[in-house]
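Just below is one structure, and these are the notes that go with it.
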Amino acid sequence: AQTVTQSQPEMSVQEAETVTLSCTYDTSESNYYLFWYKQPPSRQMILVIRQEAYKQQNATENRFSVNFQKAAKSFSLKISDSQLGDTAMYFCASFSPNTPLVFGKGTRLSVIA
Amino acid sequence: ETGVTQSPTHLIKTRGQQVTLRCSSQSGHNTVSWYQQALGQGPQFIFQYYREEENGRGNFPPRFSGLQFPNYSSELNVNALELDDSALYLCASSLGAHGDPAYGYTFGSGTRLTVV
């Protein structure tokens, strides 16, 4: 079974600053993917960034980047130049072929003006 | 290209009643997954349908059932509602028998179910 753990229930950051959200996971699969999703008050899950486990290079998407530590089973999200629109719940999730998306409990991020 | 649409957006039901939630998948997607998200929690996998057949199920009792139609839209049915069924129900569509992360998952905005 796969598990995903997010140990930071809430975080806050000043606008334009950088913040890092933590995630650890456990899986026995060799082929898996990791994701960060954003859930704003509109409730829709929006994909922020995706990492294939077989890729050593950390994924980046504009202001969002990850620190993927495969041996430590760690997958943190860094948000640079934080904006008010980044305020949301952030969920870390894992996926393997033949298994569904497994989500962590989420981190509530507040960006403060 | 349309996204995932869920209806209704909010619903209040009485304990013991039955409810049907609906989901229209994104154009071109043939897989639909349903998730239950309790307040303050991450989404939990209920089940998944691929080409009208259930091909995956989470740890939910049989009173949670579903359907997928030829146009790949889907329904989630819950019988004998319990207070703990109160949650946000999310639908996600994707492409491929088990969801293909290369294509991504598209989520709807969910149905907020309250059982009183």
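So you know, we letter chains A, B, ... as the sequences are listed, proteins then strands, and number each from 1.
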- Message: Are more than 12 heavy atoms, taken from residues, nucleotides or ligands other than B:Leu39, located less than 6.0 Å from that residue's CG atom?
- Response: no

- Item | A:Lys78, NZ atom: more than 12 neighbouring heavy atoms under 6.0 Å | no

- Message: Tell me the closest heavy-atom pair linking B:Leu90 and A:Met45, and the distance in Å.
- Response: CD1-CG, 4.2 Å

- State yes or no: are the ring centers of B:Phe45 and A:Phe103 separated by less than 6.0 Å? no

- Query: Hey, are the side chains of B:Gln44 and A:Val102 touching, using non-hydrogen atoms and a 4.5 Å cut-off?
  - Reply: no

- Flag yes if more than 12 heavy atoms outside A:Lys73 fall under 6.0 Å of its NZ atom; otherwise flag no. yes

- Okay, B:Gln37 and chain A: the region with an atom under 4.5 Å from a heavy atom over there is side chain

- Message: Within a 6.0 Å radius of atom CD1 on A:Ile46, are there more than 12 heavy atoms belonging to other residues, nucleotides or ligands?
- Response: yes

- Query: Would you find a donor on one side and an acceptor on the other, under 3.5 Å apart, between the side chain of B:Gln48 and the backbone of A:Pro100?
  - Reply: no

- Message: Testing the basics here: between B:Ser109 and A:Gln44, what is the closest heavy-atom pair and its distance to 0.1 Å?
- Response: OG-CB, 3.7 Å

- Item | Worked check of ring pair (Phe, Tyr, Trp, His ring centres under 6.0 Å) between A:Tyr37 and B:Tyr105 | CA-CA 10 Å; A:Tyr37 281 90; B:Tyr105 294 84; 7.5 Å; no

- Grab the two heavy atoms, one from A:Phe91 and one from B:Gly42, that are nearest each other, plus how far apart they are. CE2-CA, 3.4 Å

- Per-residue contact mode, A:Gln6 against chain B (heavy atom under 4.5 angstrom): neither

- Message: Would you say that more than 12 heavy atoms from the other residues, nucleotides or ligands in this model lie under 6.0 Å from the NZ of A:Lys70, or not?
- Response: yes

- Please indicate whether A:Asn62 has more than 12 foreign heavy atoms, meaning atoms of other residues, nucleotides or ligands, lying under 6.0 Å from its CG. no

